[in-house]
Each structure stands twice: as C-alpha cells, then as structure tokens.
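Each ligand, and each atom within it, is numbered from 1 in the order the structure gives. Quick note: residue numbers are just sequence positions, from 1. Bear in mind that the values here come from a model prediction, so they are computed numbers and not experimental data. No hydrogens, no waters, no symmetry mates; every other heavy atom, side chains included, goes into these values.
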Amino acid sequence: MRRFIHVRHSIWLFVIGCCGYATAQDSRPMIIPVESKQNAVVLQVDAKGQLSTIYFGTKLSNSATYQQIPATYQQTVDYSGVANAAYTAAGSKNLFEPAIAVVHADGNNGLDLRYVSHKTISRGPDVEETSILLKDPLYPFEVTLHYKVYKAADVIEQWSVIRHTEKGNVTLQKFASANLYLKASRYWLKQYHGDWVQEMQPEESQLTHGIKTLDSKLGTRANLFQPSVFMISLDQPATEDQGSVLYGSVEWSGNFRVDLELDNLDNLRIIAGINNYASPYILPANTAFETPPFLYTFSNKGKGDASRKLQRWARNYKILDGKGERFTLLNNWEATYFDFDEAKLKGLLKDTKELGVDLFLLDDGWFGNQFPRNSDHAALGDWQENRKKLPNGIAALDSMAQRNGVKFGIWIEPEMVSPQSELNAKHPDWVLRQPGREEHYFRHQLVLDLSNPKVQDFVFQIVDSLFIKAPKLSYIKWDCNAVIYNAWSAYQGKQSSQLYVEYVRGLYKVLARIRAKYPTVPMMLCSGGGGRVDYGALQYFTEYWPSDNTDPLERIFIQWENSYFYPAIASANHVTDWGKQSIKFRVDVAMMGKLGFDIVVKDLKEQERTFCKEALTNYSALKDVIWHGDQYRLADPHEGSVAAVMYLDEKQSSGVMFNYLVNYRYGEGSKLPIRLKGLDPCKRYQLKEINLYPEEVSTIPDNVTFAGDFLMTIGFNPQLNLKRTSVVIQINEAP
Ligand code: GLA
C-alpha cells in the first residue's frame, strides 16, 4: 500500500520527466486516487488488471487508508466481479448497464478492458489531469479514461477516448463519458423536467432498484423536456447546508443520457454521456472518438456549498469571459415583435440611452426579402436585411446606435431554415429531412445539417458577415427554436446514425471558428427560452436565456433552480410586461443576474421610469458582487411564502440580499427573520434598503448595524408583507 503511494509519486516524477506511461509494478492491488481539495475518486487495479472504483466521496487525510475501504462493506455477492468497474464494458463478465458496447470489425461484440498504464500531468495552476489507458487483451481496442481535476474548485471533468487498430470499422453502440460508482445506504435524485415557458421544474425522489434514465432525444434544443443537470444525495436528502451531495451534468448540447442504476449490492452506478439512441457510431481504425466531458462536484456540506463550487468553477474555467463584464440592454422582442421599421428602431435606440442601459438588442424579424420575416412562418436562412423595414441595413442601425452613445446587438437563429425561404429552395440537401416522407415542423421550421462542412461554412459566414457589415456590433443573441424531426442527413447518407453526434460537433466547430475570430463579443445562448443550456455550449457563450417566461414570480423559481448549476453572471434576466407584479418587483428579480429590459420605455409612467433609472444606478454598484461574488440561497420559495437570495464578495465585506413574497394570501409576509450566510461572524454589517419606489419610505431604519454572528444566527427581517412584496437590502461592512 505504502509502496504504491510511493510508486504513484514516482510516476508523477516520471511523467514530468518524459511524459510517458508508467505501468503497474507488481501483482498487488494498486490504487489510483484522483483527488481534489476535498474529494476523492479512488480507483483500484487488481491482479488481473481490472480497474474498479473503490471509493467516491470526501477525501481522507491519509490516502494509504483508501485500500481498507472495500473490506469494511459486507454487501451481497458481486457475481460478475466487475460491478464496480471504472468503465463497464459490455460483452464479457458484466451483468449491468455498460458504459461502452461495441461490435468489432469481425462482428464479435465482446469487450474486456484491462489496465495498462496511467499518468498524471499538470494542466495549469491547480488543475491536474489523470489519464488511464485500458486495453482489450484480445482485440487491438483501447479506451483512455481522462479525469481533469480542478483542485480548489472540487470539480472533475471526466471523459473517454476510444481507439482501435482493427482490420475494418468498429461500431460503437454505447460510448459513455464516465462511469461512477457510489456507496450509501440510500440515494435521492433531484432531477428537472420542463417545457416551453416551464423550464427547470424540480422533482426529488428516492432511487429504487433498477435503472432511472435521464435523457434527451430532441437533437437540437435538447433540454426542452429535461436537462442533463441532476443531483444525487447520499444517505438522506441533502439540504441547502447539510448532507452529502453530488452534482452532475453532461457537457453536450445535444442528445445526452444519464443512467442511474441501483444494483443488487445497493450501490449506485452512474453512467453519463452522449445518448446512444439511434446513434451507432462507425469508428475507422486509427481514429480517436473523444466523448464530451461529464462534469461533477461533490460536497458533504449540502447543496449550497456544491453549487458555489460549481459556480466558481464555471466563472473561472468554463463560461466565456466568466470573470469579465456584461452589458445591460434593451431588447425589442416583446415591445414590437415582428412589427418595426427603421424609424421605430431609431426611437428605441433613443429609449435605450434614455433608460440608461448599455446596448440595444434587435430581435427577430429584421431579415428576408422574397419571403419577409413578418411572422415565424418564413425567411429563416435568408439573412439579408429586409429592404422595407431596414432600407439602410444594419450598418445604419449600428452607426445610429454609436451616435446615440449605446451599443448595438442582433438576434439570429443560424442553425434553422424556414420551408418558405430562398435557402430551402436553393439547398434542399442542406436541410435535415427524410426523403419521400411527410415533413414535420417545429415552430414552422426545419433544422440545417450542421454535420455538413458546407453548412458549417454558411453558418459561420452568417455571423462573420454581420461583423463585416456592422463592425461595431457588440452582442449576438443566438437562438435555436426547433427540435430535429426526421433525423436523416443527405451529407451523412448511409452513416446518418452518426448525425446526432456530428451535428453537435459541427455546431462546436462553427462556434470555435467564431470565437477564434471574435473571441470576446458577448453572445447569449437562447433556445426558445432555456431549451439549450449546458456547459458544452457555455464555453462559447457569455450568458444564457433561462426561459421565455419572464413573469417575475415564475422567474424566481426558474432562476432559483438554475442557480444550483449556473452562476448569476450567465443568467440573462429581462424585465418585461409579463405577470401582474409592479415594475419594482420585476426589476428586483431581474437584478439577480444580468439585467436587461424588454418593455416599451415610452409607456412607462414617470415614477416607473425614475425607479428604473435609480435601480440601474444601484445595479452598477452591485453588479460586481452579483456577477462575481458567492451566492447563498437563504429562503426557499418552494418551502414557504418567502424567497431570499444573497450575494457576497470574497472579502465578506459587501453584498446584497434579495427578498420576495411569493404567496399573496391574507396576512402573508416574512414572519420570521431570514438567516444570512457566509458573513464573517466577527464583523459588523450595515444593512440598508435600496431600490425603493419613488416616494416610498422604507419601514427598515436606514443603515442599521448588526454583528455578523447575529445576522447568521438570528437573522434579519426584510419586513415583507402584501404591500412590500420585494425588498432589496444592501450589505456593507460597518465603517
Ligand atoms: C424565441 C426566443 C425569444 C425571441 C423569439 C423570436 O422564442 O426565446 O426570446 O427571440 O424566439 O422569434
């Protein structure tokens, strides 16, 4: 044991020296601990070279003791001996859900993967990647498991690379990114489902024996019914501040599949990756198939701690410009829908300046001539300005915006095509459709074949030409409204079973090209609301649109659930006319992220306008802590009449607390104080209500001061009631 730890250490030195693989030194079980600051995934190689998971959870202070773990469990018999395989292969001893299933070039479907070697290399400060090579003893077929560990963040990205040198093609029937194996007395799954305007509806339940699968078969806006994000609580349901919980998510913007199998040993196998549904993949010899990463974090301090880890990781490593700035904006979608012209937009540009936001975002409806985009029935694919609406093109709008002292952004939906479009007539083979079959439309449109390099060029050029026409263009809203029906690609032909995979790869190729040329321009990831939010896409996008449902009451719940997985800086929240709430309530809710407006500014009453401007001034002062600070969920709207969320800077010296009444029955209000979190117990804090409506006097005394330990033990009452349904409290360390 001790010897292995020593061996592992020398492997590290060896790798630094020559970057080669090191092999097991003898036949005793060897352990490979993959450790972050607080957690560990511990793998073991037995005498036969079988690689298994012997531990997943909180890191132990002495890694030598991991090897004692298996003997402390007295569960039932593992008939296969590979129930805890680190990457379960179908077709030999395995009796459970596999991570990989293949048909070899000779038609045989057996696979057995044995350890060959492993190495750990540095991937930058605080990031380490362990890779483990496994090979089939019979066929020239191998899989390398990769574990990229973000140490301080306690996040692991895990993926696999599959290769072979067989005489002919191998068909991959299943090709998961990761295969975890957890031990606990019981497991609770928190999962999400949804639909348009109903994204991120949570459900939490105890897992029973057998398989629970979370998946998508929609192809494009893959998260419409179900996203890949989930949580698993061990032993008992984790709460915000207590319990052991794993968060997982597949970094893939297409069909995903997560199998959660509670086996006869009462252990939980998690197999996650691309969905293999209708997707056998033909792998030629000497070609690597790299899966997308499966992302996970683990905390023994509850859901709040796990989400802060993930949010920090996302800001530091994943979301484009995660540590940067964002633009506040005025969008015209709900203000005009398709009904606008240059004169109207000129007015909106003035309103943008008058309101005091940074940018005007022109939404859908600006393009198409033979088939003008005056409704959602036509013109997707024909990305030329409509001459009637915009006779001087977007270049003129861009210049007008500059003259008004604001920036200009634009909506596109470049992966799509309307049946009524010049593009569809010109390139019918660029469109995903089944020859000879009835066509089915989702929002009256079809999907372009992004697996085709010519289509990738076309989509890249849509974006590129916008920047050529309007060089100061400062923002893009990238929409994706349709799912894939009739999944068949003229380009893939007989290999159309690879379409779902190649579509997403094609999309990423285009996005990577855009980012190579335009590295930082902000782009919003939108998909008919929140139909496509995942970390595969967010490495190219600065923000996402959580939902077309902008009713602020609904948004409290949608933003609350998204916040477990995504940081506030990425959440594009717009104030619209949805819902019955006051403008104050709407603005307060939208401030918990990246604030925008989608309203008719000139219809605002004088006081409403004054309020918005003051709120924007407050937002300027608070946005840094909202975007880059730690988020604490204080009062859960699912559990009571109040929702409360706070953001706190790293120094624990300034922050903001948002409080909302979510139940309007007689006598409802914040009856109990709300406990703050994350403060320094020894510091004193000054609390002040801000975002007051003009002439409204706060019932909270100005600049009242409390000790940190008081605020965290007893709490603070924002005095919510039916007349004060939204209260924003600024927190500052007392001078
Ligand atoms: C989708 C988006 C909306 C808007 C419309 C335009 O539904 O989610 O925000 O951009 O498309 O057609």
Side-chain angles (χ1 to χ4, degrees), residues 194-200 218 220-225 227 253 329-340 345 348 359-368 371-383 386 389 394 408-421 441-447 462-463 466 475-483 522-534 537 541-552 554-555 558-559 562 570-579 586 590 593-600:
D195 204 331
W196 180 67
V197 300
Q198 297 180 72
E199 292 85 346
M200 292 301 276
L218 278 59
T220 36
R221 52 184 303 185
N223 297 349
L224 178 63
F225 303 142
S253 309
L329 59 80
L330 178 68
N331 186 193
N332 72 315
W333 175 237
E334 292 187 19
T336 67
Y337 292 104
F338 297 97
D339 180 21
F340 58 81
L345 296 182
L348 293 178
L359 179 139
F360 172 69
L361 169 61
L362 174 60
D363 215 284
D364 196 356
W366 57 267
F367 50 92
F371 304 99
R373 181 76 170 168
N374 292 327
S375 76
D376 59 10
H377 283 69
L380 291 173
D382 301 346
W383 299 101
N386 178 276
K389 287 183 189 174
I394 61 162
F408 177 64
I410 201 160
W411 176 98
I412 49 173
E413 196 180 1
E415 297 160 73
M416 301 290 154
V417 59
S418 302
Q420 269 195 58
S421 66
Y441 307 124
F442 199 102
R443 207 194 185 201
H444 323 291
Q445 63 197 53
L446 290 164
V447 180
I462 294 169
V463 177
L466 290 173
Y475 189 90
I476 286 181
K477 175 175 176 183
W478 180 302
D479 212 338
C480 164
N481 279 288
V483 302
M523 292 212 298
M524 183 212 276
L525 175 60
C526 174
S527 185
R532 182 199 260 172
V533 189
D534 63 85
F541 289 85
T542 48
E543 53 221 71
Y544 70 94
W545 182 235
S547 178
D548 278 350
N549 189 339
T550 47
D551 177 327
E554 296 294 331
R555 272 290 180 133
I558 293 173
Q559 290 172 201
N562 271 312
S571 179
N573 304 334
H574 293 182
V575 176
T576 73
D577 283 333
W578 282 50
R586 286 181 270 155
K594 209 223 73 170
L595 175 63
F597 291 81
D598 193 348
I599 48 172
V600 183

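Taking the six-membered ring for Trp and thresholds of 30 and 60 degrees, W383 and W411 have ring planes inclined between 30 and 60 degrees apart. Between F541 and W478, the angle of the ring planes goes over 60°, which puts this pair in the perpendicular group of the 30/60° scheme.
Aromatic pair F338/W333: centroids less than 6.0 angstrom apart.
Contact residues of ligand 1 (protein heavy atom closer than 4.0 angstrom to a ligand atom; sorted by chain and number): W333, D363, D364, W411, R443, K477, D479, N481, C526, G528, G529, W545, D548.
The side-chain contact (heavy atoms from CB on, under 4.5 Å) test applied to Q445 returns L380, E413, M416, R443, N481, A482, not counting sequence neighbours.
Defined by atom type and a distance below 3.5 Å, a donor-acceptor pair is missing between the side-chain atoms of W578 and E554. Side-chain atoms of T576 and D598 include no donor-acceptor pair closer than 3.5 Å.
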